[in-house]
Amino acid sequence: MQKPSIPEGTRDFGPEQVRKRNFIFDTIRSVFEKFGFQPLETPAMENLGTLTGKYGDEGDKLLFKILNNGDYLKDANADALAARDSNKLVSSIAKRGLRYDLTVPFARYVVMNRGTLSFPFKRFQIQPVWRADRPQRGRYREFFQCDADVIGSDSLLYEAELAQIYDEAFARLGIPVVIKMNNRKVLFGIAEAAGIPDKFMDMTVAIDKLDKVGIEGVRKELSERDISETAMATIEKILAAPDTQALRAVFSNSATGLNGLDELDRVFGLLGKTTLQNEVKFDITLARGLSYYTGCIYEVAAKDFRMGSIGGGGRYADLTGVFGVPGLSGVGISFGADRIYDVMEGMGLFPETLVESVQIMLASFDEPSFEYAFQCATALRKAGVAVEIYPEPGKLKKQFEFAAKRNIPYVAIIGESEMQSDTLMVKNQKTGDQEAMSVEQIVSMLASV
RNA sequence: GAGGUUGUAGCUCAGUCGGUUAGAGCGUCGGAUUGUGGUUCCGAAGGUCGGGGGUUCGAGCCCCCUCAUCCUCCCCA
């Protein structure tokens, strides 16, 4: 006999957890739909070539590869096998992988269906993704993302709308958040102003850590990445700038940087004319790792709870280009449903009404009343009531304990006198009150609750 | 990929210096004159001490390996 187990970083979800998760999905979905996004689903697995090279070197390492079927060593790259070179060997023994996010499969879908789609195309997608990360707090190997993307327009309207979606969804979930925004062009502007455009990626990785390691840590990180003292001084000056206005002077020799500032000002200009329930703020240290972002970028953090980012996204000018269709600019955001769950659970934000869907349980004493209960249950279900019958007649104590454990709000007792009067003795489990009622009375009573 | 934490009953955890038959609370099941639960009382079941090896007269406790877990870094949702 073997001990049952599930893979590292995966989880089962019990009835209560599924209800709570569905609450999150339903809330986010309804906001997406209100903003005109349409549903899409793509396969759990993609061809490996679709996934590799889209998430940077780090991302490629975290892809789950699927071993080919059959005699997969028959076609293996013999040289790589002999040299024990795993990286070289992979492509010859695994041609598929589990999706790493929802954005890249979406881009693939858009390219494959470009003839039938009308642009701008707005889609949302709520599905699991897989990453071969080391599991830890707020990090799983299988987790759900809830994405909304619009592709085929470079209008900054969408940047503003996506910020509104974040704002409304988190407000409805009850999580106070800070929505941080930046622009990759601004980050590039910093690199240009500092005279190190070739070290753009190294620089962003370093300044991304500012709030975590402080300015000293960033300095150390920058010097480790061979960035000169003079460049560092410029970077520090820029990081200390209070707003986009102050940055304009520094970016005088960087057209890209100024363009990034223009974009941010436009988006904040649009948002400024609306009322938001959460803070949306410019954060120049926000970098984001996914290599395909080119314009505005977002990240969402819970305000009063320690957790990594619970949402992120941004504009990618040309993600479809690698699939042979250039010129389709896209922008999108993602909600990290599993982290949102952890935050809501930790802060006690789930509504109490989610615990049980059964409204009434029927209890009986003997075979005749049991059969009568079965008829009553059928009638109640026809009227739309969620009913459970205790599976065997007998001791009421056990039946009541079962109902209490399941949080079923009403228990109806059926005995000889009830059968004669064509009623059920309905007990309110919360108040303890009970009353003889007909099936019709029960239906209308439950409908009014 | 690097570093660390913790593995004892279904759950949360005690377990002294290495010493007889491994404990508690909660939960589960049964009962307290058979038409009423979440309170109380009584009783019972439930353990290969994660697994393997070693040291020792003797190991839950010490050593090695291994698996799992959680956390930190990296990176990310």
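Values below: every heavy atom of this structure, side chains too, minus hydrogens, waters and symmetry copies. Lettering follows sequence order; numbering is per chain, from 1.
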* Structure fact -> In Watson-Crick or G-U wobble terms, with both distances under 3.5 Å, the base opposite B:rG25 is B:rC11
* What is the distance, rounded to the nearest whole Å, between atom CZ of A:R137 and atom P of B:rC74? -> 16 Å
* Is any N or O donor-acceptor pair between the side chain of A:R134 and the base of B:rC71 shorter than 3.5 Å? -> no
* To do: Tell me the partner of B:rU48, counting only Watson-Crick (N1-N3 plus N6-O4 or O6-N4) or G-U wobble (N1-O2 and O6-N3) with both under 3.5 Å; none if nothing fits.
  => none
* Asked: Can you find a donor-acceptor pair, distance only, under 3.5 Å between A:K427 side chain and B:rU36 base?
  -> yes
* **Rounded distance in Å between the P positions of B:rC42 and B:rA24** => 14 Å
* **A:K397 side chain near B:rG30 phosphate (N/O to OP1/OP2, under 4.0 Å)** => no
* Using the P atom as the reference point in each nucleotide, state the distance between B:rC65 and B:rG3 in Å, no decimals. => 13 Å
* Complementary nucleotide for B:rU40 - Watson-Crick or wobble, under 3.5 Å -> B:rA32
* Could you measure between the two P atoms, the one in B:rG52 and the one in B:rU8, and give it in whole Å? => 15 Å
* To do: Please confirm whether any donor atom in the side chain of A:R139 sits under 3.5 Å from an acceptor in the base of B:rC75, or the reverse.
  => yes
* **Flag for A:D366-A:Y372: side-chain donor and acceptor within less than 3.5 Å** => no
* Mark yes or no for whether A:D338, through its side chain, and A:Y341, through its backbone, hold a donor-acceptor pair below 3.5 Å. => no
* Between A:D167 and A:N278, does any side-chain donor sit less than 3.5 Å from a side-chain acceptor? -> yes
* Asked: Any donor-acceptor pair under 3.5 Å between the side chain of A:Q434 and the base of B:rU36?
  -> yes
* Asked: For the pair made of CG in A:L362 and C1' in B:rG37, what is the distance, rounded to whole Å?
  -> 16 Å
* To do: Determine the Euclidean distance between corresponding P atoms of B:rG38 and B:rU21; express it in Å to zero decimal places.
  => 40 Å
* To do: Compare side-chain N and O positions of A:Q429 against OP1 and OP2 of B:rG37 and report whether any pair is under 4.0 Å apart.
  => no
